Amino acid sequence: MNKDLILLGHGSGGRLSHQLLDEVIIPILSGTPQVGQNDAAVLERAGERFCFTTDSYVVDPIFFPGGNIGDLAVNGTINDLSMMGARPLWLSIGLIIEEGFSRSELVPILASMRQAADAAGVAIVTGDTKVVPRGKADRIFINSAGIGIIDHPVVIHGANARPGDRVIVSGTIGDHGIAIMASREGLELETDIRSDSAALHGLVAAMLEEAGAALHVLRDPTRGGVATTLKEIASQSAVDLHLRESALPIRSAVKGVCSILGLDPLYVANEGKLLALVAPEAAERLVARMRQHPLGRDAAVIGEVTGSGTGTIALETVAGGLRKVEMLAGEQLPRIC
């Protein structure tokens with residue numbers, strides 16, 4: 001493999017993505033060590049903590065069951081802020097449109113963005129639009145940025161996982177990635193699988209109210225899925241994790257499609273779910289509180305931090321064996337966000 005070439009897998013969120021970031025992008029742009037890398041930056045000024053993030057969306061198809069590229073961009077940006085415990089306030093939106101794209105498709109995308117932002121109580125305050133020649137893009141790409149405020153004393157960080165912490169997922173996994181794949185490939189499914197795209201800041205606010213400082217880590221398992229995201233947290237915090245396959249909430253329809261396509265639900269992207277690592281004494285009541293929220297009805301404890309370590313994750317299978325969980329190696333499902 002020519003190491004000078006950028007491959008599709010470098011955008012997977014998995015091992016190739018991390019290599020590109022660690023070897024090229026981060027050393028040149030900032031030099032931020034792995035322990036300090038999160039989905040958003042926390043900025044302090046005049047005694048206040050703000051949160052800033054940016055993201056880009058290239059999903060294919062741009063319309064899919066449960067949403068479209070527009071509301072996906074708004075919800076995803078809000079979620080990156082929320083995973084740092086921030087209350088989202090403002091968004092910017094950049095549109096890169098291919099020549100020949102129709103207004104009849106652009107209008108519903110923009111309308112869905114406005115609707116998602118209004119529903120979240122977030123303002124779209126600035127943006128930019130560029131049009132490129134035919135064949136120089138794929139219909140429409142969206143870049144977004146967001147600013148939020150952290151108006152509580154709790155510090156949430158990917159390096160804060162501690163021995164004994166319980167691992168919680170807010171609901172069923174793999175819904176978004178399978179909805180995108182089924183739509184892209186024209187699969188006729190007996191069961192309706194829809195993207196779980198949603199803004200999670202309201203759920204996070206309820207979790208903070210319930211658990212406070214016992215809530216150590218939050219992360220949304222988008223590209224690379226639950227497995228890759230937990231591997232990132234385990235490595236960043238220098239801890240080992242034990243997961244239970246029997247505890248993973250997965251819809252039967254998602255399991256079925258994954259089985260047909262040879263996919264592992266642990267590595268399939270989500271856009272409306274979160275992972276939380278929380279002190280053991282708070283786990284049970286936190287799950288109970290999450291289940292009272294519409295976006296946390298299927299919340300479950302799926303594992304725990306076994307101790308300090310090297311970032312190893314062991315999955316206890318339904319058959320009773322142990323399987324080592326690694327970071328996604330390449331690109332399981334391209335263009336899913």
Side-chain angles (χ1 to χ4, degrees), residues 39-40 53-83 86-132 137-148 170-172 174-184 186 189 192-204 220-223 268-274 293-295 333-337:
D39 286 342
T53 190
T54 188
D55 210 338
S56 299
Y57 295 83
V58 297
V59 65
D60 176 34
I62 57 175
F63 295 93
F64 46 83
N68 63 62
I69 191 173
D71 52 55
L72 181 66
V74 170
N75 291 336
T77 308
I78 288 172
N79 290 345
D80 282 348
L81 296 172
S82 301
M83 295 307 104
R87 176 165 54 87
L89 296 173
W90 303 293
L91 299 179
S92 78
I93 297 296
L95 305 175
I96 300 175
I97 304 171
E98 184 184 17
E99 179 187 17
F101 191 66
S102 67
R103 292 191 182 196
S104 62
E105 290 182 300
L106 178 60
V107 167
I109 289 172
L110 299 178
S112 72
M113 297 177 80
R114 177 62 183 272
Q115 183 177 9
D118 287 348
V122 177
I124 299 174
V125 294
T126 190
D128 182 52
T129 302
K130 295 291 190 298
V131 177
V132 298
D138 190 356
R139 307 181 74 195
I140 183 171
F141 298 151
I142 297 177
N143 174 263
S144 57
I147 296 175
S170 63
T172 56
D175 297 346
H176 175 75
I178 295 304
I180 296 296
M181 178 57 71
S183 181
R184 182 186 303 166
L189 306 177
D192 183 28
I193 301 178
R194 302 176 66 80
S195 169
D196 59 350
S197 175
L200 295 168
H201 60 300
L203 176 62
V204 170
D220 54 336
T222 53
R223 294 177 304 162
V268 177
N270 313 268
E271 288 291 345
K273 302 299 188 309
L274 62 79
H293 192 281
L295 298 178
L333 296 175
R335 303 276 304 273
I336 44 78
C337 65

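What you see is a predicted model; the values in this text were computed from it and never measured.
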State, yes or no, whether a side-chain contact exists between [X] and [Y] at a heavy-atom distance under 4.5 Å.
X	Y	answer
I96	N143	no
M113	I93	yes
R223	I336	yes
I109	I69	yes
L91	V125	no
D138	R335	yes
F101	L106	yes

List the atom of [X], the atom of [Y], and the distance in Å for their closest heavy-atom pair.
X	Y	value
S144	T54	O-OG1, 2.9 Å
A117	V74	N-CG1, 3.8 Å
I142	G70	CD1-CA, 4.0 Å
S183	P65	CB-CD, 3.8 Å
G177	V268	CA-CG1, 3.6 Å
V132	A137	CG2-CB, 3.6 Å

Roughly how far apart are [X] [atom1] and [Y] [atom2], rounded to 0.5 Å?
X	Y	atom1	atom2	value
L200	S82	CG	OG	6.5 Å
I180	C337	CD1	SG	9.0 Å
M83	T222	CE	OG1	10.0 Å
I140	I97	CD1	CD1	5.0 Å
I78	T53	CD1	OG1	11.5 Å
T77	Y57	OG1	OH	4.0 Å

As a quick check of understanding, evaluate side-chain contact (heavy atoms from CB on, under 4.5 Å) for H176 and L72, giving each step before the final call. CA-CA 10 Å; H176 175 75; L72 181 66; 4.0 Å; yes
Check the pair L95 / K130 against side-chain contact (heavy atoms from CB on, under 4.5 Å), numbers first and verdict last. CA-CA 6 Å; L95 305 175; K130 295 291 190 298; over 6 Å; no
Determine, for D175 against K273, whether the closest basic-nitrogen to carboxylate-oxygen distance falls under 4.0 angstrom. yes
Salt-bridge criterion met for D192 and R194 (N-O under 4.0 Å): yes
Okay, side chain of [X], backbone of [Y]: is any donor-acceptor separation there less than 3.5 Å?
X	Y	answer
H201	N79	no
E98	R139	yes
R184	D60	yes
N270	G272	no
S56	F141	no

Give the intermediate values and the outcome of side-chain contact (heavy atoms from CB on, under 4.5 Å) for residues W90 and V122. CA-CA 6 Å; W90 303 293; V122 177; 5.7 Å; no
Do S102 and S104 have a side chain donor and acceptor closer than 3.5 Å?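 Short answer, yes.
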Under a 3.5 Å cutoff, is there a donor and acceptor pairing between the side chains of S112 and N68? yes
Provide the full list of salt bridge (charged side-chain N to carboxylate O under 4.0 Å, His left out) pairs with a residue in residues 67-80, sequence neighbours left out, each pair given once. none
More than 12 heavy atoms from other groups under 6.0 Å of CD on Q115: no
